Amino acid sequence: MSEYEFELHFKLPVDANDSEVHLDALFESGCDDALLGLGKPGYIALDFTREAPSAAEALKSAVENVLSAIPGAELVSATPDLVNISDMSKVMKKWEVLDLTRQAIRNYAIGKTVKVTRPFPNKAFVTESPLWHINEVVIWLLDNGKVEQKEKAQQLLEVSNYTRKLNASLEYVRNKASIFDNLVQKIIH
């Protein structure tokens, strides 16, 4: 068994969007290993540290626990997945993979550091504050011998591989529903 850290973000059902109402039910359903974030009305975030045989099982059981506590809740996203350079540094420190400053990571990202076996991963989204998939960054760090604790890096890689797949699946389902809704609207009008 290993401990996996991840965060799940849920949209609450319209008829039950007061997040504080769900606290007892979440605890009773098995989410006693999560810190809850109640910042945005109609949404809830749970920061888990869950023990399980695999990252997939940890995330799956956490989602099931939340959905049993809050029927009708909708999983919106899971992290760690997309990160900017500042978040990249924070995630690496939190997971004890390595302790690099934001500036050091930025130097890797822009190609200033030349002692690497291959270039830094491509950006997933190019914006004013670009985003990378953290699993690609961890693979890069491992390939270049930059990690301080390989076991922690492997755990982060396992979690981030799964959260990336989960987020891609959620996006696919949302887009598929949107395309279907648009098609229905065209047929009706």
Side-chain angles (χ1 to χ4, degrees), residues 2 4-17 19 22 26 29-31 33-34 36-50 52-88 90-91 94-95 109 120-142 153-189:
S2 297
Y4 297 97
E5 295 180 33
F6 54 92
E7 196 170 296
L8 300 174
H9 305 259
F10 288 87
K11 181 178 181 183
L12 298 172
V14 176
D15 60 341
N17 67 1
S19 50
H22 305 291
L26 286 165
S29 74
C31 296
D33 55 352
L36 279 65
L38 311 173
K40 188 175 180 184
Y43 291 84
I44 193 166
L46 295 98
D47 189 354
F48 284 90
T49 301
R50 181 155 287 200
S54 69
E57 289 181 48
L59 276 119
K60 183 180 178 209
S61 67
V63 170
E64 288 171 350
N65 291 158
V66 174
L67 294 177
S68 72
I70 311 172
E74 177 186 339
L75 179 60
V76 176
S77 65
T79 63
D81 182 13
L82 290 168
V83 291
N84 60 27
I85 287 179
S86 294
D87 290 340
M88 208 179 292
K90 291 174 191 171
V91 169
K94 177 181 177 181
W95 278 79
F120 201 76
N122 290 327
K123 300 167 190 163
F125 293 97
V126 180
T127 63
E128 196 171 305
S129 180
L131 300 174
W132 286 263
H133 286 287
I134 193 75
N135 65 329
E136 292 179 4
V137 174
V138 173
I139 291 167
W140 181 87
L141 289 166
L142 286 163
Q154 291 293 347
Q155 281 184 309
L156 174 55
L157 180 59
E158 185 183 354
V159 170
S160 59
N161 280 337
Y162 193 82
T163 55
R164 182 176 178 180
K165 288 176 189 173
L166 183 57
N167 288 330
S169 297
L170 292 168
E171 190 66 26
Y172 174 78
V173 168
R174 280 192 291 270
N175 285 335
K176 188 176 176 184
S178 176
I179 291 168
F180 179 75
D181 290 345
N182 289 337
L183 188 63
V184 169
Q185 290 301 320
K186 286 180 182 180
I187 292 170
I188 293 172
H189 297 314

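Model, not experiment: these values are computed from the prediction. Residue numbers start at 1 and run along the sequence shown.
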| query | Looking only at heavy atoms, what is the nearest atom pair of F6 and V159, with distance? | reply | CB-CG1, 4.1 Å
| query | Is any side-chain heavy atom of V66 closer than 4.5 Å to a side-chain heavy atom of H22? | reply | no
| From K11 atom NZ to L75 atom CG, the distance as rounded to the nearest 0.5 Å | 13.0 Å
| Side chains of N135 and Y162 in contact at under 4.5 Å (non-hydrogen atoms) | no
| task | Could you check if a side-chain atom of L59 sits within less than 4.5 angstrom of a side-chain atom of F48, using non-hydrogen atoms only? | result | no
| Results of side-chain hydrogen bond (donor to acceptor under 3.5 Å, both in side chains) for D87 - residues two or more places apart only | none
| query | How about V76 and Y43: do any of their side-chain heavy atoms sit closer than 4.5 Å? | reply | yes
| task | Return the set of residues passing side-chain hydrogen bond (donor to acceptor under 3.5 Å, both in side chains) with D81 (not counting sequence neighbours), or none when no residue passes. | result | H133, N167
| query | Which heavy atom of A52 sits nearest a heavy atom of Y4, and at what distance? | reply | O-CE1, 3.4 Å
| task | Output the distance between atom CG (L8) and atom CG (D47), rounded to the nearest 0.5 Å. | result | 9.0 Å
| said: So, applying side chain to side chain contact (heavy atoms under 4.5 Å, CB included) with L157, which one of I134, L141, V138, V137 is it? | reply: V138
| query | Is R174 close to L170 at the side-chain level, that is, under 4.5 Å between some pair of heavy atoms? | reply | yes
| Can you pull the salt bridge (Lys or Arg N to Asp or Glu O under 4.0 Å) pairs that have at least one residue in residues 60-70, sequence neighbours excluded? | K60-E64
| query | Which atoms form the tightest heavy-atom contact between G72 and P13, and what is the distance? | reply | C-CG, 3.7 Å
| field | Distance (rounded to the nearest 0.5 Å) between L46 CG and L38 CG | value | 8.5 Å
Identify each donor-acceptor pair in which a side-chain atom of residues 120-127 lies under 3.5 Å from a protein atom, sequence neighbours left out, and give them as a table.
from : atom 1 : to   : atom 2 : distance (Å)
T127 : OG1    : S129 : N      : 3.2
T127 : OG1    : S129 : O      : 2.8

| query | Hey, mind stepping through L142 and Q154 against side chain to side chain contact (heavy atoms under 4.5 Å, CB included) and telling me if it holds? | reply | CA-CA 9 Å; L142 286 163; Q154 291 293 347; 3.7 Å; yes
| task | Taking all non-hydrogen atoms of both residues into account, name the closest pair between W95 and E5 and its distance. | result | CZ2-O, 3.0 Å
| message | Check whether S160 reaches the backbone of P80 with its side chain - one donor and one acceptor, N or O, closer than 3.5 Å. | response | no
| Can you tell me how far the OG1 atom of T79 sits from the CZ atom of R164, to the nearest 0.5 Å? | 15.0 Å
| For S54, what residues pass the side chain to side chain contact (heavy atoms under 4.5 Å, CB included) criterion, not counting sequence neighbours? | A56, E57, E158
| note | Correct closest heavy-atom pair for C31 and N65 would be SG-CB, 3.6 Å
| field | Pairing residues for D33 by the side-chain hydrogen bond (donor to acceptor under 3.5 Å, both in side chains) criterion, not counting sequence neighbours | value | R50
| remark: Nearest heavy-atom approach of L67 to A73 is CD2-O, 3.3 Å
